[in-house]
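Each remark here refers to the structure printed beneath this line.
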Amino acid sequence: MENLKDQLSRLVGAALRDATGIADSDPNVITASRPEFGDYQANGVMAAAGRSGRGPRELAEAVVGSLRDDAGLIASAEVAGPGFINLRLNDQALMERGNGILGDPRMLIPPAGKPRKIVVDHSSPNLAKEMHVGHLRGTVIGDCLSLVLERLGHEVIRQNHVGDWGTQFGMLIAHMREIGEDSDLLRTELEDLESFYQAAKKKFDADPAFADRARLSVVKLQGGHPDYLAAWRIFIDESLRHCQDIYARLGVGLKLADLDAESRYNDDLEGIVRQLEEQGLLRESQGARCVFLPRFKGKEGEPLPVIVQKSDGGYLYSTTDLAAVKLRSHDLAADRSLYVVDARQSLHFQQVFAVARAAGMAANMSLEHIAYGTIMGSDGRPYRTRSGDAVKLADLLDEAVSRAFELVSVKNPELDESERRRIADTVGIAAVKYADLSKNRMSDYVFDWSTMLSFEGNTAPYLLYACTRIKSVLRKLPNESGAGKIKTLVLAEERALLLKILQLPEVVALVARECYPNLLCNYLYELSGAFMRFYESCPILKAEAETRDSRLGLTLLAEQALEQGLGLLGIRTLERM
RNA sequence: GCGCCCGUAGCUCAACGGGAUAGAGCAUCGGCCUUCUAAGCCGAGGGUUGCAGGUUCAAGUCCUGCCGGGCGUACCA
């Protein structure tokens, strides 16, 4: 089913074309900026007036006059201000739409027209170290986008492009070999990847002989020496266990099967360079093999290369990323490839995408860098703890869950401990995810424990609380009364809630297109607010039978919208909290 | 130097590719629990959207120039 905004755009658009004769005039329908203007407003008349040489108000009147609305969706269309058309929807049509969805909740978010195959590259931690708060954004944004695209019927291929092949693994392997690869000591040491890395780094910086062994280890590893590969494997497996543990706690859908490790491309890199050479794109400069593209300029305006092979013969992440582009385009046959990666890598991706296009590596695939801003400390610098290390993601989650546990224990002491633990787990994790997802992904944001772990206002607990209120009502429902159809919208809060619910598919479509999860968060917060106001002002169970059944229908629909919407954020709902 | 991103209430953030009177939360102040969970609801105060121009019916949003911040800018990822 067409969503409300699309349907209105189509209707007003047709009328606008009739009135102006201009084929591509955009009605520019948006949700009303103020409730007194109605439900939606069409802003496109004023722009069209300029193009057709007519007065905007007069044209708006003409558009309203030629509006054909056979389905009876529009209750009123009024010209206002300089040439806005304010649209109010018909209550009956809204209720019919709502009742239709009650019969088939999947229709709340209908599938997109054309299913596509879409790669979503996200999370991509460096396996040399433990995941820290900086990895949260890419992980949860990518997860949300994957869920949204899947929900719309697209085939999503998640790719976790973990860093498992860089020079730092030489250092780690050298350190492992000194501890003893089979020793129990190593096993315990590896339990804290972060301190293991720090220890190796310390030796690397302090001991030149160790540094040499580390460098040699990289060469051995990448050359395929079995002992070094075995040591590497032990470390990688341990690190991956840690990542999967974090994903499981976060409720993020990334699986081991989604791994797209850098090491996977080791054998393809030579071929990538050869291909570029055969295509005449390669040039040697200062001993390195590079692709020069005119749009990229360096410090003094001199040409800036994309280096694909270092002067020592080694390959770089550009080369790996090109190999990945090729795989995604040719082998996976994706239509769209999204890279959910830190904005600081914009230039890198511009370069990789440009080289890939020049080399015809992604002929039928769009390449999109879904950039996100940096997490900053209160000092305005990228986030670090006092000791200079980033906060571990695991520690943030622990803290969130423990604060949630304290709170639920105060709010609901009568629940037994295991249930409070379960609630705390959901609430704490959801709060952290939502704190990140609800911000515009492009802006840098200041990491702050109290914002991150806030449980009031525009937070996940607010949304979850709305759900528990719904579920509590439904639990108390007498057996004989079933889910009623929505029959009346007497109070403004009822109508506002229904309209808000029916707007979910518009938002989901927008998120799929623009890749901004915060739009979905904003919407769900407004939806929850609409439900809270409905709940506070409209008695449900205590209402007289017909009203009660109608409000129950509305409540069920709200439950669906909240549950499905939260599901797209990767947040599970709760029965009570 | 050049490039990208950003500057909105005391703080943290919104504002649906230019729309009408810039909205929330936190914090502050005041009201609402013998009625479906008060992690809630209602209300108050708080703004020259960094500054200055420009474009047009309309600018937080687009253009230009400043000021301030972050990041990037040839062999790390």
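- For the P atoms, the distance linking B:U35 with B:G45 amounts to 31 Å, nearest Å.
- Here the side chain of A:Y516 pairs no donor or acceptor atom with the backbone of A:R441 at under 3.5 angstrom.
- For the C1' atoms, the distance linking B:G40 with B:G25 amounts to 14 Å, nearest Å.
- Consecutive Watson-Crick or G-U pairs involving RNA chain B, each under 3.5 Å on both distances, make up stems of three or more pairs at B:1-7 with B:67-73, B:10-13 with B:23-26, B:28-32 with B:40-44, B:50-54 with B:62-66.
- Neither side chain, A:S409 nor A:N412, offers a donor N or O lying under 3.5 Å from an acceptor on the other.
- Base orientation of B:C42: anti, the glycosidic angle falling outside 90° of 0.
- Comparing B:C13 with B:G53, their C1' atoms are spaced 30 Å from each other, to the whole Å.
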Checklist entry - How does protein reach along nucleotides 10-20 of chain B, written 5' to 3' as B (base within reach of a heavy atom under 4.0 Å), S (only sugar-phosphate), or - (no contact)? => result --SSSSBB-BB
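- Here B:A24 presents its C1' atom at 16 Å from CG of A:L527, a figure rounded to the nearest Å.
- The separation of B:U64 from B:U73, taken at their C1' atoms, amounts to 25 Å, rounded to a whole angstrom.
- A:R10 has no carboxylate O lying under 4.0 Å from a charged side-chain N of A:D6, or vice versa, which leaves the two without a salt bridge.
- Proximity of the aromatic rings of A:Y525 and A:Y462 is defined here by a centroid distance below 6.0 angstrom, and this criterion is met.
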Checklist entry - When you check every protein heavy atom under 4.0 Å of nucleotides 72-77 of chain B, what one-letter string (B, S, -) results, 5' to 3'? => result SBBBSB
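- In this pair, A:H161 and A:Y265 present their aromatic rings tilted. The plane angle is within the 30 to 60° band.
- Straight-line distance from the CD atom of A:E526 to the P atom of B:G25: 12 Å, rounded to whole Å.
- Within 6.0 Å of CD in A:E270 there are 12 or fewer heavy atoms belonging to other residues, nucleotides or ligands.
- A salt bridge is absent between A:D416 and A:R421; no separation between the charged side-chain nitrogens and carboxylate oxygens falls under 4.0 Å.
- The CE atom of A:M442 sits 15 Å away from the C1' atom of B:U61 (whole-angstrom rounding).
- A salt bridge is defined here as a Lys NZ or Arg NE, NH1 or NH2 lying under 4.0 Å from an Asp or Glu carboxylate O, and A:E36 with A:R88 fails to meet this definition.
- Between A:E563 and A:R572 no salt bridge is recorded (no basic side-chain N to carboxylate O distance below 4.0 Å).
- Residues A:Q503 and A:Y40 have side chains that bring a donor and an acceptor to within less than 3.5 angstrom of each other.
- Checking A:E456 against A:S454 by side-chain atom types alone, no donor-acceptor pair falls below 3.5 Å.
- Judged as a salt bridge (Lys or Arg N to Asp or Glu O under 4.0 Å), not a single pair has a partner in residues 162-172 of chain A (not counting sequence neighbours).
- When the C1' atom is used for both B:G30 and B:G68, the distance is 39 Å, rounded to whole Å.
- B:C62 and B:C5 have their P atoms separated by 10 Å, given to the nearest Å.
- Using atom C1' as the reference point in both B:C11 and B:G47, the two lie 15 Å apart (nearest Å).
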Checklist entry - For every nucleotide of nucleotides 36-48 of chain B, 5' to 3': is a protein heavy atom under 4.0 Å from its base (B), only from its sugar-phosphate (S), or from neither (-)? => result BBSBBSS------
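- B:G7 and B:G60 are spaced 11 Å apart, taking the C1' atom of each and rounding to whole Å.
- Not a single ring-ring contact (aromatic ring centres under 6.0 Å, His included) links A:F455 to another residue, sequence neighbours left out.
- Between A:K297 and A:E302 there is no salt bridge, since no side-chain N of the basic residue sits under 4.0 Å from a carboxylate O of the acidic one.
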